[in-house]
Amino acid sequence: MAKKKMSILDFKKYKEEGRKFTYVTAYDYTMASIINDSETEVILVGDSLGMIMLGYDGTEAVTMEDMIHHTKSVVKGAPDTYIIGDMPFGSYNESTQQAIHNCTRLMKETGCDAIKLEGGAKYAELIKAIINAGIPVCGHIGLTPQTTTSLGGFKVQGGTPESARQLIEDAKALEAAGCFGIVLECVPAVVAKAVTEAVSIPIMGIGAGPDVDCQVLVTQDLLGMYGNFKPKFVKLYAKLREEMVKALNEFHTETEEGAFPTEDYSFNKKVDING
Ligand code: KIV
């Protein structure tokens, strides 16, 4: 049975009802269609595609064209799942016009349901303008991968009373600006709980402990596909990389030994080559 696609109004409703949900990444048609077959409510076409799909060390080099290309294929693969497209580094911080222009492009050229961008209270005015232009916005605070250079690396955020209070202020400012939800990345669980209790829109946590409204993970991480590195907060729900390498090696061995393809995997129509 096809699942019912979440609407933007459901985000607040889920929080009011205390109903938890999941939010995972996808960057291509096949993975999106697999996720669409699951009970997952939300897909993020994250700029983490820089690492996961393109092999970069970070997200900074990802372009609008990369995001549009990948988001289009995810939208095709997951018609029953709410899809959020990520705004890449440098695509929304030059001016309000630039931000509205690029957010509109991502929505219009891909058919995604909303956009996500990184930044706290300082971005509230900009976010208000984007929302006024008719574009639903998901916020992202805590560890913001596009600015890891300024943050001094991939580090847990909100670890001091001042920075924890700042995260609460950021979340309140994003809620007041009109965001329908906020990703909160890599913060102590106790801080994430306080942020979650401070706002009435869902806090979608990644590395933010159990007391948030929604859990976010990179799909290739949770399925055990991405071999390069495993953050502490990632639980491996499968070890697909091992399974995939095993399958490829079986194919290789059977090919070397002439065991593949058998008649079952061949077209066996008799053809008289000399006739
Ligand atoms: O790009 C991404 O995958 C993200 C998640 C970590 C939330 O922003």
Side-chain angles (χ1 to χ4, degrees), residues 11 21-28 31-32 35 40-64 66-71 73-74 78 81-93 103 106 110 112-120 123 127 137-149 151 153-158 167 170-171 174 179-187 192 195-196 201-209 212-223 225-226 228-235:
F11 284 87
F21 59 101
T22 54
Y23 178 157
V24 300
T25 59
Y27 318 99
D28 67 298
M31 187 63 88
I35 297 167
T40 305
E41 288 88 350
V42 185
I43 290 179
L44 169 71
V45 189
D47 63 353
S48 50
L49 74 82
M51 282 105 94
I52 309 287
M53 291 283 115
L54 306 176
Y56 301 160
D57 290 335
T59 59
E60 293 89 342
V62 174
T63 63
M64 275 303 294
D66 293 331
M67 291 312 305
I68 289 169
H69 177 75
H70 286 267
T71 307
S73 65
V74 171
T81 312
Y82 195 87
I83 298 172
I84 302 177
D86 218 358
M87 295 304 295
F89 180 61
S91 67
Y92 54 91
N93 31 22
C103 292
L106 192 58
T110 69
C112 67
D113 299 296
I115 64 96
K116 172 172 87 58
L117 56 82
E118 297 182 4
Y123 280 79
I127 289 173
V137 177
C138 175
H140 185 160
I141 57 175
L143 175 65
T144 44
Q146 291 174 7
T147 43
T148 43
T149 332
L151 298 174
F154 285 87
K155 291 199 163 84
V156 175
Q157 303 296 305
L167 283 175
D170 285 337
L174 295 190
C179 286
F180 65 86
I182 301 171
V183 169
L184 179 62
E185 181 164 355
C186 265
V187 301
V195 173
T196 304
I201 52 173
I203 295 296
M204 321 206 232
I206 172 163
V212 290
D213 303 299
C214 159
Q215 291 293 333
V216 182
L217 281 176
V218 168
T219 301
Q220 279 77 358
D221 283 345
L222 81 94
L223 295 180
M225 292 171 75
Y226 184 65
N228 296 1
F229 129 97
K230 188 189 96 55
K232 172 182 161 62
F233 57 80
V234 170
K235 176 170 176 185

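All ligand and atom numbering here is 1-based and tracks the order in the structure. Quick note: residue numbers are just sequence positions, from 1.
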Within a distance under 4.0 Å of any heavy atom of [X], pick out the atoms of ligand 1 and give their elements.
X	answer
I206	6 (C)
D86	1 (O), 8 (O)
H140	8 (O)
G46	1 (O), 2 (C), 3 (O)
E185	6 (C)
T25	3 (O)

Q. Among T59, N93, D86, D47, which residue meets the side-chain hydrogen bond (donor to acceptor under 3.5 Å, both in side chains) test with Q146?
A.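 Exactly one pass, corresponding to D47.
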Q: Consider every N or O of D47 and every N or O of ligand 1, then say whether any pair is closer than 3.5 Å.
A: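 Yes: some nitrogen or oxygen of D47 is under 3.5 Å from one in ligand 1.
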Q: Look only at interatomic distance and state if S48 has a nitrogen or oxygen under 3.5 Å from any nitrogen or oxygen of ligand 1.
A: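 Yes.
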Q | Flag side-chain contact, heavy atom, 4.5 Å: H70 against M53 | A |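 Counting from C-beta outward, H70 and M53 do come under 4.5 Å.
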(Q) Would you compute the distance between atom OG1 of T81 and atom CG of D113 and round it to the nearest 0.5 angstrom? (A)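 So the OG1 of T81 and the CG of D113 are separated by 9.5 Å.
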**Q.** From CD1 (I68) to OG1 (T63), nearest 0.5 Å
**A.** 8.5 Å
Q. Taking the minimum heavy-atom distance to atom 7 (C) of ligand 1, which of T144, T219, L44 ranks first?
A.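 Closest candidate by heavy-atom distance is L44.
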Q: Determine, stepwise, if the pair F11 / Y82 fulfils ring-ring contact (aromatic ring centres under 6.0 Å, His included).
A: CA-CA 11 Å; F11 284 87; Y82 195 87; 5.0 Å; yes
**Q.** Donor-acceptor pair, side chain of Y23 and main chain of T40, under 3.5 angstrom
**A.**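 Side chain of Y23 to backbone of T40: no pair is present.
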Q: Would you please test Y27 and S48 for side chain to side chain donor-acceptor pair (under 3.5 Å) and show each step?
A: CA-CA 9 Å; Y27 318 99; S48 50; 2.7 Å; yes
Q: Give the residue, atom name and distance (to 0.1 Å) of the protein heavy atom nearest atom 8 (O) of ligand 1.
A: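 Going by distance alone, atom 8 (O) of ligand 1 is nearest to K116 NZ, 3.0 Å.
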